[in-house]
Amino acid sequence: MHSDSQPYDPTTMSARNFKALWAGAAITNLADGVVKLALPLVAVSMTDSPALVAGATLANTLPWLLFSLPAGALADRVDRRRLIMIMVAARALVLALLTGAILATGLPLAGLYAGALLLGTAEVFADTTRMSVVPMVVPRARMESAFATLTATETVANEFVGPPLGGLLAAAGLAVALGAGGVGYAGALLALAVMTGRYRSNRHPGSATSASGLNNDIWEGVRYVWRERVLRTLLLVAGAASGCWAAWIAVIVVHAVAPGPLGLTSSEYGLLIGTLGVGGVVGASAAPALTRRLGRRVVLAASMACFAALLAAPAISSSARLIAATTFLGGAGSGAWNVTYSSLRALVVPEEMMGRYSGVSRLASWGAMPLGALVAGLTAELVSVRAVFWGGAALCILVLAVTLRTVTSPDFRRVEARAAASQRAAP
């Protein structure tokens, strides 16, 4: 293979490249946490309609449904680090435009939706690609530890540090919060620039990116995932859970921030969302040890049970303490699931298929988010906000039953055996 196309050999990679990837992900997710809290707050300042407020989340997550598959196919054809950097730069530019619009003439709701859509599109390409870079910079024997480190860091930044910081910045001004997010994305570019070498998949020695070629790659990825029965089912399970989470996040601001039942301020709301990140860090950090002691099947099932509690609490109670506690549990379940599933996937899926598999995975899990946000907005508008939480809890209980059936099947044991063999064969 031509040297320009040759990916890095994980056995000879310096720690510097993983540290740079880790730093870029940390800063990017910190900015994400600030921005994703600020977007619904900007919407709340423009309208008191739950459906229109949920529209900001819908616009921001819709690209996962539209572009996940093309993003995965493109990641297997181009230099992955460069693609990430281009998308991070695009997000910084969009936030600069949104901030300028707020400071200059006032940002219309349609402009907020457009900005959220562009930010979400860039996020799809960057995040889908980053997951396919990890196996290129980390030996398979250390994959689970690497994913735990990366997931925990992303969770801390995105859900623990970012939202409270976003709430404090929003108190100083919504333009301040959005502008700070743009500065964060610029900082992430500097971190990624430290990485050395090329990060192109070894499948394509050339760089052809024709529409027909991308379409063929997309369908090849879809067919591969469809043949992997266990991974396919877990993707569908994750998709249903992601839709429920998007429904929760789309309307929890209406439920939590005064004059909602919880009566929280913007800063207090940021702290409430921050408990999701605290749980995520705990779950992600504990996942490798829990997997070794209890096994993947127990961790995956328990993770989904914790997530169901997140949805059920605001349906049955208006206690801020109870909702904060179950938000912590939901974050812990999400963190543990992400690490456990991601490491299993990385050990089973071939490197040359990793980008496309990541695209299909993101479509299933993240593509459900705009649908969840849309259903939540309409349900809150036509029925009640609490009805959203009841519906999400019911769906999560069904998803838990499917998870239990999947992880106790002979097929799951065979996939675990393949993962163990791959790990033993790694240098």
Side-chain angles (χ1 to χ4, degrees), residues 6-29 32 68 71-85 87-88 123-158 188 191-192 194-203 221 231 235 238 280-281 284-285 287-288 291 334-362 365-366 419 422-423 425-427:
Q6 180 66 41
Y8 268 37
D9 180 354
T11 64
T12 60
M13 278 294 298
S14 69
R16 171 176 147 179
N17 286 318
F18 177 72
K19 289 180 179 179
L21 180 68
W22 167 81
I27 301 171
T28 298
N29 278 271
D32 286 345
S68 291
L74 188 61
D76 282 343
R77 284 177 165 261
V78 301
D79 187 290
R80 292 166 175 172
R81 182 187 65 129
R82 290 181 182 176
L83 181 58
I84 296 172
M85 294 181 69
M87 294 303 157
V88 172
E123 181 181 18
V124 169
F125 282 86
D127 284 10
T128 299
T129 305
R130 183 168 61 244
M131 287 297 99
S132 64
V133 171
V134 175
M136 301 179 79
V137 298
V138 177
R140 285 182 174 248
R142 296 170 50 199
M143 198 77 69
E144 196 162 47
S145 175
F147 274 111
T149 299
L150 196 60
T151 300
T153 301
E154 290 177 350
T155 302
V156 169
N158 200 322
L192 292 169
V194 174
M195 296 179 70
T196 57
R198 293 180 180 270
Y199 291 86
R200 189 188 299 276
S201 167
N202 59 18
R203 178 177 182 269
L231 296 182
L235 280 182
V281 172
S285 300
T291 299
S334 177
W337 176 284
N338 287 339
V339 171
T340 305
Y341 175 75
S342 295
S343 59
L344 177 64
R345 176 186 69 185
L347 290 170
V348 172
V349 178
E351 186 278 323
E352 63 271 16
M353 186 64 68
M354 191 62 69
R356 282 163 290 169
Y357 186 92
S358 183
V360 177
S361 174
R362 295 285 176 159
S365 58
W366 292 71
S422 174
Q423 197 164 24

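Just so it is clear, the model here is predicted, and its values are computed rather than measured.
- Legend: residues meeting side-chain hydrogen bond (donor to acceptor under 3.5 Å, both in side chains) with Ser342, ordered by chain and number and at least two apart, are absent.
- Between Ala191 and Gly24 the shortest heavy-atom distance is CB-N, 3.7 Å.
- Note that CG of Leu231 and CZ of Arg345 are 9.0 Å apart. Values are rounded to the nearest 0.5 Å.
- Heavy-atom minimum distance, Gly221 versus Met353: CA-SD, 4.0 Å.
- Side-chain contact between Val339 and Thr291 is absent, with no heavy-atom pair separated by less than 4.5 Å.
- The CG atom of Asp79 sits 9.0 Å away from atom CD1 of Ile84, with the distance rounded to the nearest 0.5 Å.
- Inspection of the Trp22 and Thr153 side chains reveals an N or O donor paired with an N or O acceptor under 3.5 Å.
- No side-chain donor-acceptor contact under 3.5 Å links Thr128 to the backbone of Phe125.
- The nearest pair of heavy atoms linking Ser132 to Ala75 is OG-CB, 4.1 Å.
- Taking all atoms of both residues into account, the shortest heavy-atom contact from Met195 to Ala20 is CG-CB, 3.3 Å.
- Note: Thr28 OG1 to Arg130 CZ = 6.0 Å, rounded to the nearest 0.5 Å.
- When all heavy atoms of Asn17 and Thr196 are compared, the pair lying nearest together is OD1-N, 2.9 Å.
- Screening Asn338, Asn29, Val134 for a side-chain contact (heavy atoms from CB on, under 4.5 Å) with Leu150, the sole residue that qualifies is Val134.
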From CA spacing to verdict: side chain to side chain contact (heavy atoms under 4.5 Å, CB included), Tyr199, Val137: CA-CA 9 Å; Tyr199 291 86; Val137 298; 3.5 Å; yes
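- Applying the side-chain contact (heavy atoms from CB on, under 4.5 Å) test between Tyr357 and each of Leu235, Val348, Asp76 identifies Leu235 as the sole match.
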Before giving the answer on side chain to side chain contact (heavy atoms under 4.5 Å, CB included), spell out for Arg81 and Val133 the whole-Å C-alpha distance, their side-chain angles and the decisive distance to 0.1 Å. CA-CA 8 Å; Arg81 182 187 65 129; Val133 171; 5.8 Å; no
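- Arg80 places no side-chain N or O within donor-acceptor distance of the main-chain N or O of Thr129, the cut-off being under 3.5 Å.
- Residues Ala26 and Ala157 share a closest heavy-atom pair of O-CB, 3.3 Å.
- Between the Ser358 side chain and the Met354 main chain, no donor and acceptor come within less than 3.5 Å of each other.
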